[in-house]
Student: 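Structure incoming, see below.
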There are 2 protein chains.
Amino acid sequence: METKVNESGFRGLDKSLRIQKITDTAAELFHRKGYRSTTLDDVSKELGITKAALYHYVSSKEKLLSRIYIQALENIFRNTDKIAGKELPPDVRLRLIIQNHIKGIIIQSISMFSVFFTEENQLPEKEFRKIRREKKKYTRIVEEIIEEGISQGLFRKSDPKLQAFALIGMCNWVYKWYKPGPDSYTPEQIADYFVSLLERGYLKGDMEGMQDMPELLRGGKERAGSKKEDYQRLRAKCTELSKIIDEMEEKG
Amino acid sequence: METKVNESGFRGLDKSLRIQKITDTAAELFHRKGYRSTTLDDVSKELGITKAALYHYVSSKEKLLSRIYIQALENIFRNTDKIAGKELPPDVRLRLIIQNHIKGIIIQSISMFSVFFTEENQLPEKEFRKIRREKKKYTRIVEEIIEEGISQGLFRKSDPKLQAFALIGMCNWVYKWYKPGPDSYTPEQIADYFVSLLERGYLKGDMEGMQDMPELLRGGKERAGSKKEDYQRLRAKCTELSKIIDEMEEKG
DNA sequence: AGATAGTTTTAATGACTGTTTAGTTATTAA
DNA sequence: TTAATAACTAAACAGTCATTAAAACTATCT
């Protein structure tokens with residue numbers, strides 16, 4: 001008999017494919033149960049082989065985790081650098097980055113990014129630092145695009161770092177709630193929606209209130225002068241409101 | 001001699017305070033190293049007592065985790081229900097919810113919420129389900145406010161669930177990047193900034209583009225009208241707000 | 001068939017760690 | 001003072017699990 005193909009789903013696969021399958025399976029289990037709580041027995045059982053057999057493909061559990069991190073990193077960065085370097089207006093670039101980010105998470109695999117976002121501290125010191133560096137780099141890219149947008153007068157004045165965190169957080173959190181399925185959102189829908197929300201906000205109307213963001217900006221202290229006092233005032237009132245409510249609660 | 005107070009930072013504390021200290025310390029370590037990777041030796045060493053001594057206060061490691069979840073839940077929900085139930089316009093309620101959410105995470109303790117967001121799968125089945133239910137409930141509250149905002153014509157048409165996820169993700173992610181410190185943002189700053197970004201988006205100008213969100217909406221197809229919806233609405237809203245505030249002042 | 005390399009298994013090893021037991025010391029109440 | 005209870009410790013128990021060693025199986029090539 002010739003080479004059995006697709007026998008048990010693992011044997012009879014190219015070696016590189018087998019390694020990929022191991023990585024994916026591990027990611028899936030790490031995602032469901034956590035890295036530390038997942039035993040190599042779990043992984044091997046899921047694959048239909050013995051624990052010891054794993055060691056033919058991966059030299060240690062830690063190495064398995066590393067592999068997941070490397071892949072996740074590659075998948076997010078694959079297009080990011082290109083997009084960021086394109087000769088496009090900042091808003092377009094930002095939009096592309098967001099789309100790429102969300103598609104990356106959902107299409108590549110939620111499990112992989114779930115691990116990527118939560119198991120950092122299980123990595124050996126050296127890798128840990130590398131990952132942290134790369135994540136910061138990514139934030140920095142987003143931040144720079146935002147800065148450009150502001151300096152070109154395309155975006156409202158704001159704190160670019162905070163805005164980058166907001167944007168990235170919104171996108172990353174997808175891994176927490178997204179459940180694939182036929183009636184589920186497509187990555188494109190989510191990305192479009194997020195872009196739309198981020199670009200123009202959820203408030204309707206508002207015509208002339210076109211000032212910049214509040215003045216808690218980077219540089220800091222420039223008190224809210226007595227500008228056209230519309231949104232600013234509203235905002236101030238809300239803060240007041242918040243205080244008043246707190247006081248009332250305390251009283252009963 | 002009377003009761004020694006503040007001897008070693010643990011002994012000579014009210015019992016309830018000692019338990020609280022244990023919980024906090026555990027949360028801190030779980031946050032840094034992960035629940036599973038943190039041994040009870042770690043926790044007890046950090047507290048300056050023996051592993052076995054822990055068992056005087058907590059019946060198991062799992063129970064320790066539960067305690068953290070319960071506290072986190074209480075701290076987020078303490079005000080949420082009240083806010084959601086208030087007789088205030090949706091945008092104000094949403095703003096308050098966001099402020100409360102972010103303040104909760106940062107002030108209460110990042111560690112606690114870090115654990116809250118990442119160690120669910122370490123809980124016993126029953127508690128796991130309970131937590132999931134509560135988290136969904138929270139999302140639902142936000143969603144409902146958004147729905148109201150839309151039906152009152154205050155918010156653009158959109159998919160409330162997706163918007164709730166976006167908002168919550170943005171806020172939750174704070175636990176990943178926030179580092180307390182003197183030159184750090186205050187919770188209020190972050191909350192204000194996020195609200196501002198969410199309400200009006202980062203794009204500047206754009207005058208006439210006042211349509212609703214794209215039509216990937218829940219119910220689906222009603223194309224975004226192009227109404228003129230001017231700043232009468234804004235003014236009206238401010239008036240509303242003023243009234244409410246006045247009423248509240250009168251009452252207390 | 002025999003050899004070689006690649007693959008998988010069985011069976012240990014050894015470290016780690018949640019939990020328990022039995023006992024010690026400190027504090028409180030009577 | 002004495003009895004009782006609370007707070008703690010040291011040591012062992014029992015189970016888990018990553019990792020290794022050595023043997024066996026499979027396929028391919030000659």
Student: Checking only heavy atoms, does the side chain of B/Lys51 share a donor-acceptor pair with the base of C/dT19 at less than 3.5 Å?
Tutor: yes
Student: B/Asp42 side chain to B/Thr39 main-chain N or O, any donor-acceptor pair under 3.5 Å?
Tutor: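 Flag set: sc B/Asp42 to bb B/Thr39 pair under 3.5 Å.
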Student: What is the separation between atom OH on B/Tyr55 and atom P on D/dA11, rounded to the nearest whole Å?
Tutor: 18 Å
Student: Is it the case that the side chain of B/Asn121 and the backbone of A/Arg32 share a donor-acceptor pair, with hydrogens and angles ignored and the cut-off at 3.5 Å?
Tutor: yes
Student: Of the listed nucleotides (D/dA7, D/dT20, D/dT19), which one gets closest to any side-chain atom of B/Arg18?
Tutor: D/dA7
Student: Does one side chain, of A/Gln71 or A/Thr23, offer a donor that lies under 3.5 Å from an acceptor on the other?
Tutor: no
Student: Can you tell me the distance, in whole Å, between the NZ atom of B/Lys61 and the P atom of D/dT16?
Tutor: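 Going from NZ in B/Lys61 over to P in D/dT16 covers 15 Å.
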Student: Starting from C1' on C/dT8, measure out to NZ on A/Lys45 and report it in whole angstrom.
Tutor: 16 Å
Student: Expressed in angstrom and rounded to an integer, what is the separation of A/Ile49 atom CD1 from C/dT8 atom P?
Tutor: 6 Å
Student: Among the nucleotides C/dT8, C/dA11, D/dC8, which one has an atom lying closest to any side-chain atom of A/Ala52?
Tutor: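 Selected nucleotide: C/dA11.
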Student: Round to the nearest Å and state the distance from B/Leu29 atom CG to C/dG18 atom P.
Tutor: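 Between P of C/dG18 and CG of B/Leu29: 12 Å.
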Student: For a quick check of understanding: with a heavy-atom distance under 4.0 Å over all strands, which category does B/Arg36 fall into, base, sugar-phosphate or nothing?
Tutor: nothing
Student: Please state how far atom CG in B/Asp41 lies from atom P in C/dA15, giving the value in whole angstrom units.
Tutor: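 Those two atoms, CG and P, are 17 Å apart.
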Student: Check every atom of D/dC8, C/dT8, D/dC17 against the side chain of A/Thr39 and return the nucleotide holding the closest atom.
Tutor: D/dC17
Student: Counting heavy atoms from C-beta on, name the nucleotide in D/dT19, C/dT19, C/dT8 closest to the side chain of A/Tyr57.
Tutor: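 Nucleotide nearest to A/Tyr57's side chain: C/dT8.
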Student: Scan A/Thr38 against the nucleic acid and name what it touches under 4.0 Å (heavy atoms): base, sugar-phosphate only, or nothing.
Tutor: sugar-phosphate
Student: Once the angle between the rings of B/Tyr175 and B/Phe117 is folded into 0 to 90°, is it parallel (under 30°), tilted (30 to 60°) or perpendicular (over 60°)?
Tutor: tilted
Student: How many whole angstroms separate atom CG of B/Leu17 from atom P of D/dA7?
Tutor: 13 Å
Student: Taking B/Glu134 first and then B/Lys130, would you say they form a salt bridge - that is, a charged N and a carboxylate O separated by under 4.0 Å?
Tutor: no
Student: Taking only the side-chain heavy atoms of A/Lys15 (C-beta and beyond), determine which of C/dG18, C/dT7, D/dT20 contains the nearest atom.
Tutor: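 My answer, after comparing the listed nucleotides, is C/dT7.
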Student: Starting from C1' on D/dA18, measure out to NZ on A/Lys63 and report it in whole angstrom.
Tutor: 17 Å
